[in-house]
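Each remark here refers to the structure printed beneath this line.
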Amino acid sequence: MKFLTHFQYAALLCCVLLGPGCSDDKTGGKTDSEPTQAPVFTAFSPERGQAGDVITITGSYFGTDASRITVLINSTPAKITGVTDTAISAVVPDECGSGEICIGLRRSSGGGNLQLYEKTFETLFTYTVESNVSTFAGRTGVTGQHYFGPLLTSCLYAPSLLISDNEDNFYLAEWARGIRLLSNGETSWMLKMYGAGDPSNNQGNIATSEWDYRFRCMAFSKDHSRLWILVNRSQADGPYLGYALRSDGYTTWYSDSTDDRPDCEGLAVNPVDERIVICRNQDGSSRIYFYDPDTHTSSEATGYTPIGVTAQSRPVFSKDGKRLYIIHKGWNFISAYDYDPLSHQLTGETPEFAGLKTDTARDHANGTGAEARFAYPEWGCCDDAGNLYVADSWNHCIRKVTPEGVVTTLAGIPTPNVETNTDTFANGKLAESVFSRPMGICMDSKGNFYVAEEGFADIRKITIGNEPENE
């Protein structure tokens with residue numbers, strides 16, 4: 001017999017002895033429906049299913065008291081819907097994931113004592129998910145308004161950059177409003193970085209009228225204790241880089257940079273060595289800088305080729321810290337570099353890693369390298385496999401770029417090179433969904449994607465399924 005882990009065993013004990021729905025019999029006395037033989041757990045079926053499906057565990061000598069039985073699917077308690085002496089029915093919990101099925105049955109053993117019979121099946125249960133797009137937050141299509149509250153009744157004001165932390169909380173930058181926190185089913189103010197005439201509510205000293213060309217980007221430190229915030233301004237107007245701390249709820253801006261670096265555009269933090277990369281327009285071209293928090297200054301990197309000044313570049317590190325992608329919005333392509341977390345140097349530049357370098361020929365096309373086409377690609381994020389996902393704003397879709405530079409369309413019906421998508425909003429299957437000017441994209445710990453879109457003023461959730469055709 002395969003034995004339960006300490007966690008699974010503790011969960012079984014908690015559920016069968018203390019959990020809701022247990023028998024009122026606290027002494028372990030025998031019930032009329034309780035067999036005297038030890039239960040035998042034989043098999044379960046089906047071996048794969050999605051949330052809400054019913055699995056059946058077969059065997060013998062179960063009795064009929066559901067309150068004495070617990071079923072765990074991947075360590076998640078499943079609701080029991082029926083028990084006979086030879087079959088137990090349980091509902092697959094939402095988002096339980098794939099894993100072992102464990103069953104525990106409490107039975108009296110005489111003298112008021114209880115005995116727990118347990119079984120972990122060798123065959124794993126496969127939790128299936130259908131790929132789909134849904135609305136995560138915001139009142140879709142309600143633009144120009146700004147309200148907080150439950151996720152789906154909040155109004156998001158021109159949502160743009162979206163990032164997540166290691167606890168699956170989300171942080172949204174809104175034009176001329178600030179940074180909004182999305183957590184525990186609610187949205188709320190987190191950091192107001194600008195405001196007219198009210199210094200107490202103006203973190204970072206950015207006036208409302210300056211938001212569009214001042215605020216640029218935000219990114220977490222490795223341990224998420226610090227949220228770095230990049231703004232575009234000269235030293236005379238204030239520091240270009242500051243931060244907020246997790247210890248005070250990210251509610252206060254602290255200045256950090258002391259040198260003069262105007263015209264900053266993008267920010268990324270390496271997840272391994274915490275190297276901070278800043279993209280900046282300088283002397284007619286877009287350049288890459290490394291920032292040193294110890295000296296509070298930045299220096300230009302080597303091993304890269306500067307791009308035209310209209311690049312509006314957004315850096316993204318792979319999760320292993322060994323690849324740096326630069327999304328050049330203004331030139332509609334992505335460059336890639338190898339990065340060594342030990343030497344802290346950029347090498348192996350691939351200029352047109354994905355997309356054709358052009359500031360005019362915006363279009364939508366899948367393909368490898370320069371064969372692909374983008375239309376004002378905005379922010380991006382990486383998964384564990386090193387794939388890059390990009391919000392292709394004027395193509396109104398989400399693109400996937402493999403580590404080999406192969407570009408495909410992940411979600412959304414492409415509407416090539418138009419500022420506003422006039423197609424009717426649609427959730428559902430990935431290839432049938434409709435986006436309008438997607439801006440920011442991030443992932444949660446379960447591999448779901450979240451997209452902030454300016455056109456529909458909401459946040460969409462992209463669930464990647466594991467149906468047989470997607471495996």
Side-chain angles (χ1 to χ4, degrees), residues 1-130 132 184-185 445-446 448 463 465-467:
M1 173 183 290
K2 184 174 181 180
F3 292 98
L4 298 176
T5 66
H6 292 301
F7 175 80
Q8 291 167 336
Y9 189 78
L12 279 173
L13 282 175
C14 194
C15 289
V16 300
L17 299 178
L18 302 175
C22 291
S23 170
D24 290 334
D25 176 17
K26 307 299 183 182
T27 65
K30 181 181 179 301
T31 64
D32 292 339
S33 60
E34 186 175 13
T36 57
Q37 301 93 331
V40 177
F41 307 106
T42 304
F44 72 88
S45 66
E47 295 180 358
R48 59 187 302 125
Q50 59 187 6
D53 287 352
V54 175
I55 64 168
T56 301
I57 298 167
T58 55
S60 55
Y61 310 121
F62 295 156
T64 58
D65 188 352
S67 69
R68 294 196 169 195
I69 299 172
T70 294
V71 174
L72 302 179
I73 302 179
N74 193 30
S75 300
T76 305
K79 181 181 179 181
I80 295 174
T81 57
V83 180
T84 68
D85 201 46
T86 58
I88 299 169
S89 299
V91 178
V92 177
D94 186 38
E95 296 187 344
C96 66
S98 301
E100 295 175 331
I101 289 186
C102 307
I103 183 168
L105 190 151
R106 180 185 66 159
R107 181 164 295 166
S108 61
S109 59
N113 297 317
L114 295 172
Q115 182 174 353
L116 176 64
Y117 297 90
E118 54 87 6
K119 166 77 173 184
T120 299
F121 290 101
E122 295 289 341
T123 302
L124 298 181
F125 176 78
T126 300
Y127 180 77
T128 61
V129 181
E130 293 183 358
N132 70 89
N184 297 320
S445 61
K446 296 179 180 178
N448 302 308
T463 301
N466 63 347
E467 310 95 322

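- Considering only heavy atoms from C-beta on, Ile55 comes within 4.5 Å of Phe125 through its side chain.
- Residue pairs meeting the side-chain hydrogen bond (donor to acceptor under 3.5 Å, both in side chains) criterion with at least one member in residues 88-99, sequence neighbours excluded: Glu95-Lys446.
- For Thr58, the side chain to side chain contact (heavy atoms under 4.5 Å, CB included) criterion is met by Thr42, Ala43, Thr56, not counting sequence neighbours.
- Going from atom OG1 of Thr70 over to atom CG of Leu116 covers 8.5 Å, rounded to the nearest 0.5 Å.
- Partners of Asn132 by side-chain hydrogen bond (donor to acceptor under 3.5 Å, both in side chains), not counting sequence neighbours: none found.
- Summarising the geometry of Ile69 relative to Phe62, their closest heavy-atom pair is CD1-O, 4.3 Å, with the distance given to 0.1 Å.
- Proximity of a side-chain donor or acceptor of Thr128 to a complementary backbone N or O of Gly49 within less than 3.5 Å is detected.
- Nearest heavy atom pair, residue Ala78 against residue Val91, reads CB-O, 3.2 Å.
- Between Phe44 and Glu47 the shortest heavy-atom distance is CE1-CA, 3.8 Å.
- Annotation: the span from Ile88 atom CD1 to Thr64 atom OG1 amounts to 11.0 Å, rounded to 0.5 Å.
- Under the rule for a side-chain hydrogen bond (donor to acceptor under 3.5 Å, both in side chains), the partners of Gln115 that lie at least two apart in sequence or sit in another chain are Tyr117.
- The salt bridge (charged side-chain N to carboxylate O under 4.0 Å, His left out) search around Lys79 returns none, not counting sequence neighbours.
- Of all the heavy atoms in Glu100 and Leu124, the pair that sits closest is CG-CD2, 3.5 Å.
- In this structure, Arg107 and Pro35 have side chains that are in contact, with non-hydrogen atoms separated by less than 4.5 Å.
- Annotation: the span from Tyr127 atom OH to Asn466 atom CG amounts to 9.0 Å, rounded to 0.5 Å.
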Next item on the list: Under the side-chain contact (heavy atoms from CB on, under 4.5 Å) rule, what do Asp65 and Val83 come out as? Steps first, then yes or no, please.
Entry: CA-CA 7 Å; Asp65 188 352; Val83 180; over 6 Å; no
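- Taking Thr76 as the reference, Pro93, Cys96 meet the side chain to side chain contact (heavy atoms under 4.5 Å, CB included) condition, with sequence neighbours excluded.
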Notebook entry, point to check: Run the side-chain contact (heavy atoms from CB on, under 4.5 Å) check on Phe41 and Leu105 step by step: do they pass?
Noted result: CA-CA 10 Å; Phe41 307 106; Leu105 190 151; 4.1 Å; yes
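- To the nearest 0.5 angstrom, Thr126 atom OG1 is 13.0 Å from Gln50 atom CD.
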